[in-house]
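To start, the structure itself, in structure tokens.
One-based numbering, in listed order, for ligands and for the atoms of each.
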Amino acid sequence: MAQGFAFDGQSLITPGQIIRPNDHQNLPSSDQLILAKAELAIALDLCLQQFQSGVDPHAIIRRVTETLHQLRRRFHARIWDEIVPLVQAHPVTDFVFQDPFTKWSFDKPRGYSGDAHLLDFIYGHSEVEGEIAAATELGRKIYDYTKDASSSVAVRERRDLLARRVDDIASKHDDQIEVLAVASGHLREASLSIALREGRIKRWVALDQDPLSVGTVTRDFAGTPVEAINGSVKTLISGRHKLGTLDFVYAAGLYDYLADGVAVKLTKRCLQMVKPGGSFLFANFSQATRVDGYMETFMNWPLLLRTEDDMQSIAENATGTDDVSISVWSGENLDVIYCEIKKL
Ligand SMILES: C[S@@+](CC[C@H](N)C(=O)[O-])C[C@H]1O[C@@H](n2cnc3c(N)ncnc32)[C@H](O)[C@@H]1O
């Protein structure tokens, strides 16, 4: 299972805070470091030459993404930690950073990884049209690739799945339903919900720690049952919000930043807010993803990757002997895993 600091659930995760499981075991030899650095130099220098000679940017990014994935997988975490800044300082970034999505992720204008504006690059939302139009031709071509990388496809599937889940739950209730999105970002899934459009939602609470995202949700969903509130994992766990109980509570794009201890506490808390017969769903990026190396280097966006067993274990630790049913499954391309806990 993923290990790490016991984040307090409020401090935002920045690179360097995420620790991989085997950090302290079987420390690597210096030969391994030399080998990894040599392989990296060959791959990045080739990448640079190819950009300079006008090779198809999709082919370049595809190859370097796979190379970085293999390096991350094959070498010890300590070696990988030395590789990351070398990639980030390499002249090839002059080309790769022309992609406005990669550049936004690397720069972190909001001070933390994975903000909702970054997700809008994945959703292809109109909010980012100006930035894409202002990019260079090469930047737009790279974005064409990164927006359709497996991780991006999986995040769009996640948004669609959440909207369908809300609709499905609403269709099984005679009364209007109540929903809570934890770490809602811009709550883009709500625009896809038929139940919201048809007035079958009583309230859809969108909680996020970022006041800019709370402001965007307030603006975009004015006059609907969506209520945006400022709050964090910490304020939620401490019971500061009086939200009552709801039919469906979910968290997407959040557990990837939470160490196991906090993940279990948050799961317990969210389940307390679920009505009998309702459910809590959380998603997490999977260890099966092959874009981990690109994300951690060029995007400076490390995540706590989990397995289906890790998700099951968070759910079991959070529920103990409670009367619940737990389902764990992977999305279509396996990059994102889901766990839904239904209160019986
Ligand atoms: C990757 S985005 C996901 C947004 C949205 N759920 C989606 O799937 O598009 C992560 C969101 O989590 C929020 N977030 C990060 N840490 C948080 C915390 N400790 N408490 C509440 N929100 C948090 C960020 O502000 C950001 O909006």
Side-chain angles (χ1 to χ4, degrees), residues 4-15 17-18 101 104-105 108-125 127-128 147 151-166 179-193 204-218 220-221 226 228-238 240-241 243 248-259 261-263 265-267 269-270 280-285 295 299-305 331 335-338:
F5 293 117
F7 296 120
D8 61 11
Q10 186 159 47
S11 324
L12 292 158
I13 310 310
T14 48
Q17 288 179 298
I18 289 188
F101 172 34
W104 180 279
S105 181
K108 309 193 191 315
R110 294 201 188 169
Y112 63 95
S113 294
D115 63 82
H117 188 77
L118 183 73
L119 274 272
D120 278 347
F121 281 105
I122 294 177
Y123 297 138
H125 194 272
E127 288 266 336
V128 297
K147 81 166 180 359
S151 48
S152 302
V153 170
V155 166
R156 288 194 293 272
E157 180 187 51
R158 187 178 77 189
R159 172 201 59 188
D160 298 351
L161 179 144
L162 292 170
R164 277 202 315 273
R165 198 74 198 92
V166 169
V179 180
L180 166 65
V182 180
S184 62
H186 291 158
L187 199 77
R188 296 299 182 205
E189 60 278 14
S191 308
L192 304 177
S193 163
W204 192 329
V205 182
L207 177 141
D208 201 281
Q209 59 77 36
D210 187 335
L212 286 176
S213 298
V214 175
T216 301
V217 174
T218 305
D220 289 356
F221 293 96
V226 170
I229 58 171
N230 203 201
S232 65
V233 171
K234 188 175 183 179
T235 58
L236 205 55
I237 290 176
S238 67
R240 213 171 296 169
H241 307 278
L243 295 173
F248 185 48
V249 178
Y250 65 91
L254 176 65
Y255 275 61
D256 321 72
Y257 304 91
L258 303 180
V262 180
K265 273 194 204 156
L266 178 63
T267 306
R269 176 71 194 116
C270 288
F280 172 60
L281 183 154
F282 61 100
N284 206 109
F285 259 94
M295 286 176 74
M299 299 188 114
N300 204 19
W301 188 9
L303 296 174
L304 281 173
L305 304 174
D335 270 29
V336 169
I337 321 174
Y338 300 88

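- Against a heavy-atom cut-off of under 4.0 Å, D210 is close to the following atoms of ligand 1: 25 (O).
- With ligand atoms numbered from 1 in the order given, ligand 1 contributes 24 (C), 25 (O) to contacts under 4.0 Å with heavy atoms of Y112.
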Could you go step by step and tell me if E157 and V336 meet the side chain to side chain contact (heavy atoms under 4.5 Å, CB included) rule? CA-CA 9 Å; E157 180 187 51; V336 169; 5.9 Å; no
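- Residue contacts with ligand 1: S213 is placed with no nitrogen or oxygen under 3.5 Å of a nitrogen or oxygen of the ligand (distance criterion only).
- Less than 4.0 angstrom separates some heavy atom of A252 from each of these atoms of ligand 1: 3 (C), 5 (C), 6 (N), 8 (O).
- In summary, the side chains of H117 and R110 do not present any donor paired with an acceptor at a separation below 3.5 Å, with no hydrogens or angles considered.
- Ring planes of W204 and Y250: perpendicular class, angle over 60° (limits at 30 and 60°).
- Counting only N and O atoms by type, the side chains of H186 and D220 include no donor and acceptor under 3.5 Å apart.
- Close contacts of ligand 1 with Y123, meaning ligand atoms under 4.0 Å from a residue heavy atom, involve 7 (C), 8 (O), 9 (O).
- In this structure, of L254, D208, V155, the residue bringing a heavy atom nearest to atom 24 (C) of ligand 1 is D208.
- Ring geometry for W301 versus F101: interplanar angle over 60°, hence perpendicular rather than tilted (30 to 60°).
- For A181, no heavy-atom contact with ligand 1 is shorter than 4.0 Å.
- The heavy atom nearest to atom 4 (C) of ligand 1, considering only A183, G231, A283, is found in A183.
- Atoms of ligand 1 found under 4.0 Å from any heavy atom of V233 (numbered from 1 in listed order, with element): 18 (C), 19 (N), 20 (N), 21 (C).
- Summarising the contacts of atom 2 (S) of ligand 1 with S113, G185, G114, the nearest heavy atom is found in G114.
- Atom-to-atom distance recorded for L254:CG and L207:CG is 9.5 Å, nearest 0.5 angstrom.
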Kindly determine whether L236 and L243 satisfy side chain to side chain contact (heavy atoms under 4.5 Å, CB included), including the steps that lead there. CA-CA 10 Å; L236 205 55; L243 295 173; 4.3 Å; yes
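- Residue contact check for ligand 1: R158 places a non-hydrogen atom closer than 4.0 Å to it.
- Residues Y338 and L281 have side chains in contact (heavy-atom distance under 4.5 Å, counting atoms from C-beta outward).
- Less than 4.0 angstrom separates some heavy atom of G253 from each of these atoms of ligand 1: 1 (C), 10 (C).
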